[in-house]
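A quick write-up on the structure given underneath.
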Amino acid sequence: MTLSSRYDPQSIEEKWQKLWAERRIFACEPDSSRPKYYVLEMFPYPSGNIHMGHVRNYSIGDVVARFRRMQGYNVLHPMGWDAFGLPAENAAIKHNIHPAKWTYANIDNMRAQLRRLGYSYDWRRELATCHPKYYKWEQLFFLRWLEKGLVYRKKAPQNWCPQCHTVLANEQVEEGRCWRCDTPVEQKELTQWFLRITAYADELLEDLKKLEGGWPDRVLSMQRNWIGKSEGAEIVFPLDGREGEIRVFSTRPDTVFGVTFMTLAPEHPLVESLIAGRENEGEIRAFIERTRNMDRLDRQSDALEKDGVFTGAYCLNPFTGRRIPIWLGNFVLAEYGTGAVMAVPAHDQRDFDFARKFGLDMLVVIQAEGERLDPSTMDKAWTEPGIMVNSGEFDGISNEKGKELVVKALESMGRGGKTVNWRLRDWNISRQRFWGAPIPVVYCEECGMVPVPEQELPVLLPLDAQPLPDGRSPLPHLDSFVHTVCPRCGRPAKRETDTMDTFVESSWYFARFTDARNDSGAFDKKALSYWLPVDQYIGGVEHAILHLLYSRFFTKVLRDFGFYPADLEEPFSNLLTQGMVLKDGSKMSKSKGNVVDPTDMIDRYGADTVRLFCLFAAPPERDFDWSDTGIEGSSRFLNRIWRLFVELRPHLEATAACSSTETCAAVPAARELRLREHATVRKVGEDIGNRYQFNTAIAAVMELVNSLYLAKDELTASPEGREALSSAMATVLTLLYPITPHMCEELWQDLGHSDSLAEERWPQWQESALKRDMITVVLQVNGKLRGKIEVPAEASREEAEKLALGDESVRRHIDGLTVRKVVVVPGKLVNVVAN
RNA sequence: GGCGGAGUGGUGGAAUGGCAGACACGCUUGACUCAAAAUCAAGUAUCCGCAAGGGUGUGAGGGUUCAAGUCCCUCCUCCGCUACCA
């Protein structure tokens, strides 16, 4: 069959997709004789259709996967579906269809769309998290953790979304609003299930160090911020004239002598007993009410006017015995630290503002050496380092040293000591939703909460129920689900009707891919040890905190519970966060009408062009704006290669990339092409393999193609030239193969190769091919470009200097000046310094 | 406020301390065409100049260096995370 003279992607892409599937080219199994490489892209939610963001994400992953495979790695590259979640319920209500049906239909559609893009997945490992054979295992994890107290139930004020009728994790509240529907989040007292992620706070923070270099700095920074470790001291202030004490957390124990009042959150547990019976009790209660009713957002905003009220009670400074009035403050948060702040107005701006407003005392205890701060004239708090004063035995010590000494003193007095405070809270995994994995416990009137025995798993999500029209879960009303018997005493019992947060499923799916069809256990330990960790993970930065932190947490927990290998510390060695695909400067959305549908683009240009453009338009980390003319350019490039190939075909041999020999050196044009070919191989390998800069890799191939165009007429004339052409063309196809595999396969096959390019090895460039006889050297005078000369490659410094000084342009510019120095960078540049 | 990232032509973007603007998009001109598309060729940072050539130029200002987009200091702007966090 002869090659079409026109590039027609539609006629070749499907053919190759079928061939790859038939030959099972991308199926993989553990093989200890080869190094492994696990490439993973964040799996999609089956919302209905693939969008351009997916295409970008998965195209990056596919290039990495195909490239590593050519490098000889045993590559695992799987795909699956993050299939539980709210949109399925909304669709179920709207179309009166079961969420499962909707979800599986979407999966079928999106799988077909992914297949059209030609991604090299091992489809045998496909999984959907809503399948009982998947969620069964996380119900098992739940039971094991429950046994050891890693998962627990507690009643607490929760983030509640009235629109979604469910609680939200702290991570799912964005600026006080629900991350899904943007409704302001309310606080509601509920009994909920929590995962004790705080038990791992230290390790989660510490191990971020191990990810440096492999993860983007900003993601590491986000996780650090989120975990929010704060080192300081706990200081105990006994109450004055009565039993009891106030514990505070402070990062500035060195200022403890400067405490002039105490500020409690209105919600502080001690408040009730402190104010009971005071003559101004009514006023205080009014303040508490006022503050409590404030919107959570407003209360935490900068703009909040500081407000407070004196309780009438006092406590005592553990060092000085000074009587310290206890106030309530609207800016003190009950959730952070101990809900109580020791106020040092001279050295903390908030306390300063508060003290000024209410006319409270101010005591200077830190000041710069040789200076004297006067509380009556200070206009802001002194927060810089300094020397301790008015601090008894600590006077004259630097405040940094003072921090340690005060902590020691507190410890010996039994009034506190060093402590660490975390921002991270335990993870609430209860959801009052239907389309999620059931939590496997029952409630028995006799035995209380009883775990479902492991052999009874999975607790199936019923397929004969529908979310209620207002969005609420049908589970609490579904007798066939709720009513069961107690596994312990056999009496009637009721099932837990909350389901798990969908982030639970996505916290371990990457491990399940290593042995996705295992029915006898969640994992096969051998497969896990072989494949994990994921070598390259690729996805959107919007998951920088949520999904990535949870997955790290799960990895450590599953390791400690013996599911994962004991030496597995982190799930993802390397992370690439790709930018968004925008249109006209903003996110694509149906409401804006600026959606570019990948399917349309494939129909129009073919999958290879779409893949190429997504990779060429910008470096992967950056957002890029979809350009209709830009994709035309990518299409043009592939057409150009096709035409060039067809034109040169009669002169081409079926050779491998980088196969031309030194004999073609006799023909200068052939030698030059060979040099460019090898230089391109070096650059593309570096750009794809180490730098993940696919745009410059593609640019390098474009340059090689351009030089092929320029030299083709001369090269077809000689055997040496034809040898160089054949090799260079093979190189173009091989280098481009991870990016535009269909077209490359088609042309490769036309050359007479019987194997798929997928089985081809990544070409090896040779140092010897990069050697030139003459090298262009840049001439500078006083750092300014003044000319270029050709010098023999092995010219010495002295020769280069002599040639440079003899150059006409250089001579013109140093005319009348004295040459002070000549800097020679061999093979590159000569800079003449003269004045 | 703290932490992190980023500022380069008309646009997307290139540059291990060594020729700033690779590669593309767009635009201009020409060739082919009855015409258009496609393709091919030439040009395209900016200022002076017919040209040769020269000046300027990577957010601003300093510094280090023979040489700075790149390293250091001060500052400005934008983006992200976090935040009356004690």
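By convention in this document, chain letters (A, B, ...) are assigned in the order of the sequence lines, proteins followed by strands, and residues within each chain are numbered from 1.
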Distance, rounded to the nearest Å, where [X] contributes [atom1] and [N] contributes [atom2]:
| X | N | atom1 | atom2 | result |
| --- | --- | --- | --- | --- |
| A:Arg423 | B:C85 | CZ | P | 12 Å |
| A:Gln693 | B:U16 | CD | P | 10 Å |
| A:Phe694 | B:A24 | CZ | P | 20 Å |
| A:Leu220 | B:C3 | CG | C1' | 12 Å |

Would you mind pulling out the nucleotide paired to [N], Watson-Crick or G-U wobble, both distances under 3.5 Å?
| N | result |
| --- | --- |
| B:C66 | B:G18 |
| B:A41 | B:U29 |
| B:C75 | B:G59 |
| B:C3 | B:G80 |
| B:C85 | none |

Across the strands shown, which category fits [X] at heavy-atom distances under 4.0 angstrom: base, sugar-phosphate, nothing?
| X | answer |
| --- | --- |
| A:His813 | sugar-phosphate |
| A:Asn835 | nothing |
| A:Lys784 | sugar-phosphate |
| A:Arg640 | sugar-phosphate |
| A:Pro216 | nothing |
| A:Asn695 | sugar-phosphate |
| A:Arg6 | nothing |
| A:Val248 | nothing |
| A:Asp351 | nothing |
| A:Arg350 | base |

Pull out every protein N or O sitting under 3.5 Å from an N or O of nucleotides 64-69 of chain B, one pair per line with the distance.
from	atom 1	to	atom 2	distance (Å)
B:C66	OP1	A:Lys821	NZ	3.3
B:C66	O2'	A:Asn831	ND2	3.1
B:C66	O2	A:Asn831	ND2	2.7

- Task: Step through it carefully: locate the ring centre of A:Phe358, locate the ring centre of A:Trp327, and say whether they are under 6.0 Å apart.
- Result: yes
- Cation over ring, A:Arg6 on A:Trp642, under 6.0 Å and within 45°? no
- A:Lys306 to A:Phe354 six-membered ring, cation-pi geometry met (6.0 Å, 45°): no
For the [atom1] atoms, the ones on [N] and on [M], what distance do you get once it is rounded to whole angstrom?
| N | M | atom1 | answer |
| --- | --- | --- | --- |
| B:G63 | B:G12 | P | 32 Å |
| B:A22 | B:A42 | P | 15 Å |
| B:A45 | B:U11 | P | 13 Å |
| B:C25 | B:C32 | P | 24 Å |
| B:G9 | B:G4 | C1' | 29 Å |
| B:C73 | B:C19 | P | 24 Å |

- Message: Checking side chain to side chain donor-acceptor pair (under 3.5 Å) between A:Asp353 and each of A:Gln349, A:Arg350, A:Arg356, which is the one that passes?
- Response: A:Gln349
When you measure from the side-chain N and O atoms of [X] to the phosphate of [N], is any distance below 4.0 Å, counting only OP1 and OP2?
| X | N | value |
| --- | --- | --- |
| A:Arg622 | B:A14 | yes |
| A:Thr251 | B:C85 | no |
| A:Arg786 | B:G54 | yes |

Out of [options], whichever nucleotide has its closest atom nearest the side chain of [X]:
| X | options | result |
| --- | --- | --- |
| A:Leu333 | B:A15, B:C25, B:C85 | B:C85 |
| A:Asn225 | B:C84, B:C81, B:G5 | B:C81 |
| A:Thr629 | B:G55, B:C25, B:G13 | B:C25 |
| A:Ser627 | B:G53, B:C25, B:C84 | B:C25 |
| A:Ala618 | B:C19, B:U82, B:G12 | B:G12 |
| A:Ile545 | B:C81, B:G4, B:A86 | B:C81 |
| A:Met702 | B:C23, B:C85, B:A14 | B:C23 |
| A:Tyr336 | B:C23, B:C85, B:G4 | B:C85 |

- Of A:Lys683 and A:Ala700, the one whose closest nucleotide on RNA chain B sits nearer the 5' end is A:Lys683
- Task: By nearest nucleotide on RNA chain B, pick out whichever of A:Phe616 and A:Arg643 is the more 5' one.
- Result: A:Phe616
- Message: Need the glycosidic conformation of B:G9: syn if within 90° of 0, anti if not. Which one?
- Response: syn
- Item | Parallel, tilted or perpendicular: rings of A:Trp626 and A:Phe613 (30°, 60°) | perpendicular
- Any N or O donor-acceptor pair linking the side chain of A:Lys828 to the base of B:U16 at under 3.5 Å? yes
